[in-house]
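Read the structure below first, then the notes.
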Amino acid sequence: MIPSRRDLLKALAGAPMLFAPQRPAAVTTVNGVVFGVETFSFHDLPPAGDLQLIPTIVKNLQTLGIAECEIMSGHIEPFASVMTGWWVQSRRSPDFARLREEARQWRLTVPMTYYRDIQRRFEDAGLRIYLYNVNFNETFTDAERDRTFEAARELGAEGFSSSTVLSESRRLVPFVQKHKMFVAMHNHNNLADPDQFATPASFETALAMSPLFYVTLDIGHFTAGNNDAVAFIRQHHDRIINIHVRDRKRNNGPNRPFGQGDTPIADVLRLIRDNRYPIRCYLEYEYGSFRPAVDEVKTCFDYCRRVLAS
Amino acid sequence: MTAMVGLKRVRWYVFLAAVVPIFTIGLGLDARQERDAGGFKAPTAALERGRAVYVLNHCHFCHGVDLTRATMGAANLSQSPFVGTDEDGNMIGPLVKAGLPNLQTAMPSYMELTSEEIVDLARYIHFLRQQARFRELSRLADSPAGDRTAGEAYFNGAANCRSCHSVTGDLAGIGLKYDTPKLRERLLRPGPTMPSEGVSPTAGQAAHLKLLENYTAANVQDLIAYLGASR
């Protein structure tokens, strides 16, 4: 059947622009401060592997007017992130060994065009995956670590943000050197386990392991662990890739709407603005709400804009 | 011809429109319920207060809006024996207030919750558990059948059914009265399908709801084998 003129136009509109000149990477700035979104913020996304997952993330970023993101591996790979071994509790499941092996085999065999297609979808929408969020852990094989670095490159990411641990960081040293790609360690606030990233000392131990190790400082978790985010940024600004902007109460307190917790969001944003630190600020929405996630991320972004305007 | 196809389609949609709500009400999933980012709106004002505590303290991000899709290594509260022992927050409250700071990704401490909020939260969690357990257990297959002896032991022992019921008294011949699917449904939910505004469950209904939260699949199959033999 000969396609109609309308069909032809539709097909052309949906096709990748093979001959278009490469666009410069989009950047969203507010008074000189670069903003992005950690895709964990979008709590109401379709499940892993759903064909609408990536289009929904793209649409959400466009709605927000934010050009770049740190994308979770669970939003790229077609299986739940519990299958990748990060949460020690999830490893106790009787099905874990089988599910983990399935995830491993997928990673080792998926063609790299899978990742490149996702990168193009972002690029075609004027967006960018700046960081690939993969939680490296002891259940990864070396072959899997290699493939994950290759995947990040195909996604167009500059490097990784990773909720990893110190013992795994040591294993990652030869991989960052081989692939010439950085890993930024992300903290939580477990102060009892010395292998976790939760204190200035834990970050400093990792930073000494490799010049390609950096920090994704989650200022909310850092505050919940009773640390001083402003002091840490002043001291280590040249090794911080991005911060996760959220507001938590001290003493392992809960997440709160921006401005209602103990996290010094305003002080941190102004510190970055006034010193022109090249630290990207990634919104992470995790307080509760009855509204859609994208609406709340917008509220978080509006708060940051107001802070930076003053 | 086209008109015939159109008529058949209309009939099919009319059939669906009539059947789907009946089916979903039976499962406790009323299609008419309003939904938002925190799940389905609760059927009573008290439960809706509990839902507000649950959602606004972002419990649902880790434990799921219906308790069954736990993420990030969080406990599946619909299956948790710890939650099953709770009465109006006496177990849940202290844990929620203290948090679990030593977990890999710590559960926050919710020190600021009031006693009233803890009770509302706990009752909402129990309500969600009952909904989730009913959905799960009502889908059990008829075979393999349970163990009649184990059912009798559970009836007279851990479940303490005998404090109100007897297969030679009020339940005599119940195996003749109901087939297996109906017996399972009556066992899981002998009272109203959903709580109603201003209507408190009777002591018996409350006891059945408590049992519903804590049944294992084997408990249900064994009880059905035992009760079904009463002919």
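The sequence lines fix the lettering, A, B, ..., with proteins before strands; numbering per chain opens at 1. What you see is a predicted model, and the numbers here were worked out from it, not measured in a lab.
- Both the backbone and the side chain of A:Glu286 come within contact range of chain B, each with at least one heavy atom under 4.5 Å from a heavy atom of that chain.
- Residue contact with chain B, scored on non-hydrogen atoms closer than 4.5 Å, is absent for A:Asp193.
- Looking at A:Arg92, neither its backbone nor its side chain comes within 4.5 Å of chain B, counting heavy atoms on both sides.
- Separation of the B:His58 and A:Tyr287 ring centroids does not fall under the 6.0 Å cut-off.
- Within the 4.5 angstrom heavy-atom criterion, only backbone atoms of A:Pro292 (N, CA, C, O) approach chain B.
- Rounded to the nearest 0.5 angstrom, A:Asp44 CG and B:His60 NE2 are separated by 8.5 Å.
- Shown here is A:Lys298, whose NZ atom has no more than 12 heavy atoms of other residues, nucleotides or ligands within 6.0 Å.
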Report the C-alpha distance between B:Asn57 and A:Arg256 in whole Å, list the side-chain angles of each, state the deciding distance to 0.1 Å, and finish with yes or no for side chain to side chain contact (heavy atoms under 4.5 Å, CB included).
CA-CA 8 Å; B:Asn57 288 286; A:Arg256 286 289 174 246; 3.2 Å; yes
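- Between the side chain of A:Gln196 and the main chain of B:Thr105, no donor-acceptor pair closer than 3.5 Å is present.
- Residues A:Pro254 and B:Tyr110 approach most closely at CB-CE2, 3.3 Å, considering heavy atoms.
- Of the two parts of B:Ala52, the backbone and the side chain both hold a non-hydrogen atom closer than 4.5 Å to a non-hydrogen atom of chain A.
- Within the 4.5 angstrom heavy-atom criterion, only backbone atoms of A:Ser289 (N, CA, C, O) approach chain B.
- A donor-acceptor pair under 3.5 Å links the side-chain atoms of A:Asn252 to the main chain of B:Met107, judged by distance alone.
- Within 6.0 Å of atom CZ in A:Arg171, more than 12 heavy atoms from other residues, nucleotides or ligands are found, so the atom counts as buried in its surroundings.
- Contacts between A:Arg91 and chain B at a heavy-atom distance below 4.5 Å are absent for every atom of the residue.
- Here A:Ala192 is the residue among A:Gly225, A:Ala192, A:Ala293, A:Ala80 with the most heavy-atom pairs under 4.5 Å with chain B.
- In this structure, no portion of A:Asp195 lies under 4.5 Å from any heavy atom of chain B.
- In terms of heavy-atom pairs under 4.5 Å with chain B, the best-connected choice from A:Val82, A:Val88, A:Asn190, A:Asp295 is A:Asn190.
- Taking the six-membered ring for Trp and thresholds of 30 and 60 degrees, A:Tyr285 and B:Phe61 have ring planes more than 60 degrees apart, a perpendicular arrangement.
- The 12-atom threshold is exceeded at NZ of B:Lys97, counting heavy atoms of other residues, nucleotides or ligands nearer than 6.0 Å.
- Contact check for A:His188 versus B:Leu103: no side-chain heavy atoms found under the 4.5 Å cut-off.
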